[in-house]
Number of protein chains: 4
Amino acid sequence: MTDDVIRFGVSMNRRLLDGLDRLCRRRGYASRSEAIRDMVRERLVEQEWEGEDEVAGTITIVYDHHAVSGPDLLNEVQHRYRQLIVATMHVHLDHDNCLEVLVVKGRPAEAREVADRLVSAKGVKHGRLTTTSTGRNLA
Amino acid sequence: MTDDVIRFGVSMNRRLLDGLDRLCRRRGYASRSEAIRDMVRERLVEQEWEGEDEVAGTITIVYDHHAVSGPDLLNEVQHRYRQLIVATMHVHLDHDNCLEVLVVKGRPAEAREVADRLVSAKGVKHGRLTTTSTGRNLA
Amino acid sequence: MTDDVIRFGVSMNRRLLDGLDRLCRRRGYASRSEAIRDMVRERLVEQEWEGEDEVAGTITIVYDHHAVSGPDLLNEVQHRYRQLIVATMHVHLDHDNCLEVLVVKGRPAEAREVADRLVSAKGVKHGRLTTTSTGRNLA
Amino acid sequence: MTDDVIRFGVSMNRRLLDGLDRLCRRRGYASRSEAIRDMVRERLVEQEWEGEDEVAGTITIVYDHHAVSGPDLLNEVQHRYRQLIVATMHVHLDHDNCLEVLVVKGRPAEAREVADRLVSAKGVKHGRLTTTSTGRNLA
């Protein structure tokens, strides 16, 4: 079964281990195993995004809703790529500025394409694609 | 006024300019100005996150809702830092996996702290802090 | 000619321009043009490394020369990839630790392969590939 | 003693472990321990560069030796910061382009300062600071 938990030994010099323990405390990891699993998953997510299989991600954009070339443009992009966009959340940062996060699911190249379209849209002040995973291949 | 638009000249060799134009086409920028403004903003956002003033960001986590040490832990963290967390969105990726995005607003160190707590929580398979801006200082 | 210098206009809000000017001062750029050219080149280098054409890079490794599985291993790797490795510099950091920088030239995938081999070698404490350019396509 | 090797157990689901093993093969790690030690060191180096203690790094610059504002400028910067610069290597990439790598040792802020000066110098087409470690705190 893929859900078996396996235990294996890792060897480390005292000094490196002290470094790891400091890192666990600082970041709030309950155990070394937890911290190490996180590092491994981080690398695996990087690899997923170099491949062709389905990944998940979020696109964060900050824009001035007065300046954006119509919320229409953003809407239009979102509709064109609606099969990739799972959900959207909108936050009013202040009188002028909005932050929008979109959750996307699809092939890496497609996700990058939606992100490029949104980030490069007129009126969008800052935008970024965050790469994560559907979780399926990360036990 | 801070909203004045100013036009200034930039000089570039033909070859570099060709590179810029290819980049605009590939990423979908309507003009060189738009692409250059984006690059400048990207650097300014990096600087904001090295400072002490209020920034905005998103925290993306993927977790197995069976394995997470109680949605309780995630809830507890979120309540403890509720003044930083503006809004949350939850997506069911499949039977087991959930993706949650939180929009945070606060000082960079605080935002990093919430992210560390959530990313290091048991059951969270992957997590990442995305740095962006409240938009106030990005014209 | 590719060496023609072309001047074009860029428009920016006062506030964003102030941000750019602060950035120029902080980083020591003599002019806005210089800073903007640098940002454009930075993006172009990223694109070069996604392609297939020849790029340049450096590989930096720090290792304990007592612990390394024979300087032999490092030597062996370097000889196997000698057509990619243009030059090497070695610095004695202290009694135990050495830093070695290699300049590599070749296709992105090949450069990554040498880097992987060296970084993963036993005794290498830290290693990193730095991506840059042959300069040919960066006017 | 700091050189004691300590062995501890790490637990992982079968699927995550398979991912780790694939990663080891792809990158050429001889063992899981070796790969995990590398990930830990990578995080510790990041932390070193957020602190005040001595670090090591390399600065890579690519420039057209015709266009640089005198090799003089580069020389001048290098002399001003000579206490930080341990060694330099120069490679002729082609008729026009040179690649220079500098090994620097000092406090993170100082190393960043030299890098900023060199990267922003007229004629430098691309430059980058690579952060690594003196190795002293990485067993």
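Computed over heavy atoms, backbone and side chain alike; hydrogens, waters and symmetry mates excluded.
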Drop me the distance from [X]'s [atom1] to [Y]'s [atom2], to the nearest 0.5 angstrom.
X: A:Leu84; Y: A:Lys105; atom1: CG; atom2: NZ; answer: 11.0 Å
X: D:Leu129; Y: D:Thr58; atom1: CG; atom2: OG1; answer: 7.0 Å
X: A:Leu16; Y: A:Arg14; atom1: CG; atom2: CZ; answer: 11.5 Å
X: A:Asn75; Y: A:Arg82; atom1: CG; atom2: CZ; answer: 12.5 Å

Can you name the residues of [range] that have some heavy atom under 4.5 Å away from a heavy atom in chain D?
range: residues 20-30 of chain A; value: A:Leu20, A:Leu23, A:Arg26, A:Arg27
range: residues 89-104 of chain A; value: none
range: residues 106-115 of chain A; value: none

D:Leu118 versus D:Val124, closest heavy-atom pair with distance: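 Taking every non-hydrogen atom into account, O-CG2, 3.3 Å.
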
>> Between A:Phe8 and D:Leu17, is there a side-chain heavy-atom distance shorter than 4.5 Å?
In response: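 A side-chain contact under 4.5 Å exists here.
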
Heavy-atom contact with chain A under 4.5 Å, split by part of D:Ile6:
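Contact with chain A is through both the backbone and side chain of D:Ile6.
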
- Would you mind checking which part of D:Arg32 comes under 4.5 Å of any heavy atom in chain A, side chain (CB onward), backbone (N, CA, C, O), both or neither?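 Just the side chain, heavy atoms under 4.5 Å.
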
For chain A, which residues from residues 39-57 of chain D lie under 4.5 Å away (heavy-atom distances)?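 Expected list: D:Met39, D:Val40, D:Arg41, D:Glu42, D:Arg43, D:Leu44, D:Gln47, D:Glu50.
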
When you measure from the side chain of A:Asn13 to the backbone of A:Arg15, do you find a donor-acceptor pair of N or O atoms at a distance under 3.5 Å?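 No; judged by distance alone, with no hydrogens or angles, the pair does not exist.
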
**OP:** Heavy-atom pairs under 4.5 Å with chain D are the metric here; pick the option from A:Gly9, A:Ser33, A:Ser11 that has the most.
**Re:**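 Of the candidates given, the most pairs with chain D belong to A:Ser11.
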
| task | Using a cut-off of under 4.5 Å on heavy-atom pairs, state which of A:Met12, A:Arg37, A:Glu34 scores highest against chain D. | result |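 Among A:Met12, A:Arg37, A:Glu34, the one with the most close pairs to chain D is A:Met12.
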
